[in-house]
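Take a look at the structure set out below.
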Protein chains: 2
Amino acid sequence: MGKKVLVIEDDQELGTQIVKRLRDAGYEPTWWKEGRRLSRETLPDVELVVLDLMLPGTYGMDLLKDLRVFSEVPVLVLSARNDTADKVRALRLGADDYMTKPFWPEELVERVRARLRRPTLGRGEVVEVGALRIDRGRREVSVRGGRVEVTRLEFELLAALAERPGEAMTRSSLAERVLDPERDGTERTLDVHVSRLRKKLGCGAFVETVWGIGYRLGDGRDE
Amino acid sequence: MGKKVLVIEDDQELGTQIVKRLRDAGYEPTWWKEGRRLSRETLPDVELVVLDLMLPGTYGMDLLKDLRVFSEVPVLVLSARNDTADKVRALRLGADDYMTKPFWPEELVERVRARLRRPTLGRGEVVEVGALRIDRGRREVSVRGGRVEVTRLEFELLAALAERPGEAMTRSSLAERVLDPERDGTERTLDVHVSRLRKKLGCGAFVETVWGIGYRLGDGRDE
DNA sequence: CGGAAATCTTACGAATTCCTTACGTCCCGG
DNA sequence: CCGGGACGTAAGGAATTCGTAAGATTTCCG
């Protein structure tokens with residue numbers, strides 16, 4: 001059973017072509033011939049999205065932005081505009097690749113393959129480590145069933161760590177992922193948030209310090 | 001401390017440009033101005049490789065093929081050839097992206113960012129030698145299942161040795177890899193850390209002395 | 001066996017890294 | 001206009017790490 005791919009493409013001919021090639025390559029494409037409103041509920045359970053930016057009515061870039069609010073699914077963007085500014089914008093919004101039309105379907109398939117080659121880890125909605133539970137969908141955290149109120153940034157921090165439970169992450173990578181690069185958040189800032197988080201979680205061992213490196217998500221068994 | 005990126009690019013001007021942009025974006029680029037033989041030993045510890053396919057003498061595609069034998073590091077390929085067959089070949093060989101020259105450096109940076117946004121997987125390999133276990137991802141060391149607390153530098157030392165278990169490494173190469181060149185760590189310093197490590201591991205035979213040369217990772221069966 | 005070189009071990013001080021608290025700012029809802 | 005929460009920064013003090021020195025021990029080699 002191939003991996004599921006959502007293709008959002010209004011052009012009949014191109015869409016047919018893409019879907020056929022993907023199917024030949026062993027994937028299971030779903031074809032949306034128009035840009036629909038994307039939400040957690042409407043997004044099908046797919047492992048990758050091929051998104052044409054030039055959809056009538058909707059602006060594909062907005063779809064991408066919406067999508068990234070609730071999902072980390074890889075997105076391969078198609079566009080007729082071979083314009084660096086556009087590419088940069090799309091990639092900044094979280095696109096994983098950007099192809100300029102016209103292109104050979106074969107290349108598209110290979111780029112899809114390249115994206116799906118690497119397994120997505122810990123990107124699932126819910127991550128559970130020990131007594132700690134992190135629900136990305138609901139943006140909720142609970143310990144031993146009891147809900148814990150955390151701030152946006154604290155949640156981001158936990159979610160970042162939860163992507164690879166048990167693996168050490170450097171401060172710099174955490175900062176890059178969690179802090180706003182604009183607002184000069186220094187790496188010291190992370191310490192403060194970690195500190196607050198530990199207090200809220202009621203157990204310091206959920207976020208372990210890796211001395212000289214950064215932090216790591218633990219199961220809270222120590223301590 | 002940004003993520004390390006290896007740039008393999010013979011063109012002086014383009015290389016300068018790329019390196020500068022990457023540095024501005026907060027990465028730590030290393031620039032190879034020629035295609036060198038790639039092996040587990042010669043590949044620096046980087047999180048991504050930018051590889052120009054059109055290198056004089058060597059054919060970049062071969063480098064890519066070699067690389068994939070022993071490493072899963074993401075590769076972004078540059079090429080002057082805007083040719084689907086070439087793109088497909090590179091992607092099939094394990095490239096993660098393919099950019100056609102000329103391009104705007106800004107786009108390159110964004111594509112690098114897009115690749116590194118997702119946590120690299122397949123890293124954090126675990127090395128086991130005898131009863132010794134070294135987990136690069138978790139940054140943990142254990143002996144016969146029992147966790148052993150080691151300092152950052154001690155871990156680096158072990159990890160360096162573990163790259164070639166059983167093979168002797170000179171003090172100088174270990175120092176280069178493990179010590180901070182800034183802070184004048186003399187090679188004598190290594191002895192001290194080896195000593196501390198042996199005590200922590202509870203068995204001196206895991207790190208064997210190679211008289212007049214340096215050290216070697218052993219399985220701990222001696223002694 | 002003896003001496004020189006290489007290595008081991010220990011102790012200690014300096015530097016780094018980390019945690020916590022306190023405080024000021026910004027933004028939002030009332 | 002007034003709270004209150006979220007967040008960044010600063011600062012102290014605690015904990016950890018690391019380099020160096022110095023003396024002990026081992027290895028090599030004649």
Side-chain angles (χ1 to χ4, degrees), chain A residues 139-141 148-161 168-216 218 222-223, chain B residues 1 139-141 147-161 168-172 174-218 222-223:
Chain A
R139 288 189 88 83
E140 273 180 7
V141 177
V148 176
E149 294 291 341
V150 295
T151 70
R152 180 189 61 82
L153 211 145
E154 283 158 8
F155 184 84
E156 297 291 346
L157 195 51
L158 261 189
L161 288 167
M169 293 190 70
T170 64
R171 276 191 172 66
S172 59
S173 67
L174 282 172
E176 187 182 344
R177 158 97 195 246
V178 166
L179 298 178
D180 188 347
E182 312 288 307
R183 299 240 211 108
D184 276 348
T186 146
E187 291 186 0
R188 284 299 106 234
T189 305
L190 289 177
D191 301 359
V192 178
H193 290 292
V194 166
S195 174
R196 299 205 252 245
L197 201 41
R198 279 170 174 156
K199 200 192 293 180
K200 283 187 181 179
L201 297 180
C203 165
F206 285 126
V207 181
E208 301 175 7
T209 300
V210 184
W211 221 92
I213 301 294
Y215 296 99
R216 166 174 60 186
D222 290 341
E223 177 180 280
Chain B
M1 183 165 51
R139 285 196 151 254
E140 266 181 12
V141 177
R147 170 115 165 247
V148 177
E149 295 289 342
V150 295
T151 71
R152 183 185 60 81
L153 209 145
E154 284 158 9
F155 183 86
E156 298 289 348
L157 196 51
L158 260 190
L161 288 168
M169 293 190 70
T170 64
R171 276 192 173 66
S172 61
L174 281 173
E176 188 181 346
R177 156 104 192 239
V178 164
L179 297 179
D180 189 347
E182 313 285 309
R183 293 205 285 162
D184 277 347
T186 143
E187 291 186 2
R188 284 300 102 232
T189 304
L190 289 178
D191 301 359
V192 178
H193 291 292
V194 166
S195 171
R196 298 204 257 243
L197 203 40
R198 279 170 174 155
K199 195 197 292 181
K200 284 186 180 179
L201 297 180
C203 166
F206 284 126
V207 181
E208 301 175 5
T209 301
V210 183
W211 217 87
I213 302 293
Y215 297 98
R216 165 175 56 190
L217 193 66
D222 290 341
E223 177 180 279

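Because the structure is predicted, anything quoted here is derived from the model rather than measured. A note on names: the letters A, B, ... follow the listed sequences, proteins ahead of strands, and every chain is numbered from 1.
Five base pairs at each end of the helix from C:dC1-D:dG30 to C:dG30-D:dC1 define two local axes, and these are offset by 30° (rounded to 10°).
Of the candidates C:dC19, C:dT7, D:dG19, the closest approach to any side-chain atom of A:Arg198 belongs to C:dC19.
Distances shown here put every side-chain N or O of A:Thr186 at or beyond 4.0 Å from the OP1 or OP2 atom of D:dG8. Neither OP1 nor OP2 of D:dA21 sits under 4.0 Å from any side-chain N or O of B:Arg188. Between B:Thr151 and D:dC18 there is a side-chain polar atom (N or O) within less than 4.0 angstrom of OP1 or OP2. Under 4.0 angstrom from either OP1 or OP2 of C:dC19 there lies no side-chain N or O belonging to A:Lys199. Proximity of A:Arg196 to the phosphate of C:dC19: no side-chain N or O atom is located under 4.0 Å from OP1 or OP2.
The stretch residues 209-217 of chain B comes close to DNA chain D through B:Trp211, each having a heavy atom under 4.0 Å from the strand.
When side chains are defined from C-beta on, B:Glu208 does not count as touching B:Arg198, because their heavy atoms never get closer than 4.5 Å.
Taken to the nearest 0.5 Å, the OG1 atom of B:Thr186 stands 9.5 Å off from the CZ atom of B:Arg171. One distance of note links CD of B:Glu154 with CG of B:Leu197; it measures 5.5 Å at 0.5 Å rounding.
Applying the side chain to side chain contact (heavy atoms under 4.5 Å, CB included) rule to A:Val192 yields the partners A:Arg196; only residues at least two apart in sequence or on another chain are considered.
Residue A:Tyr215 forms a side chain to side chain contact (heavy atoms under 4.5 Å, CB included) with just one option from A:Leu157, A:Val210, A:Thr209, and that option is A:Thr209.
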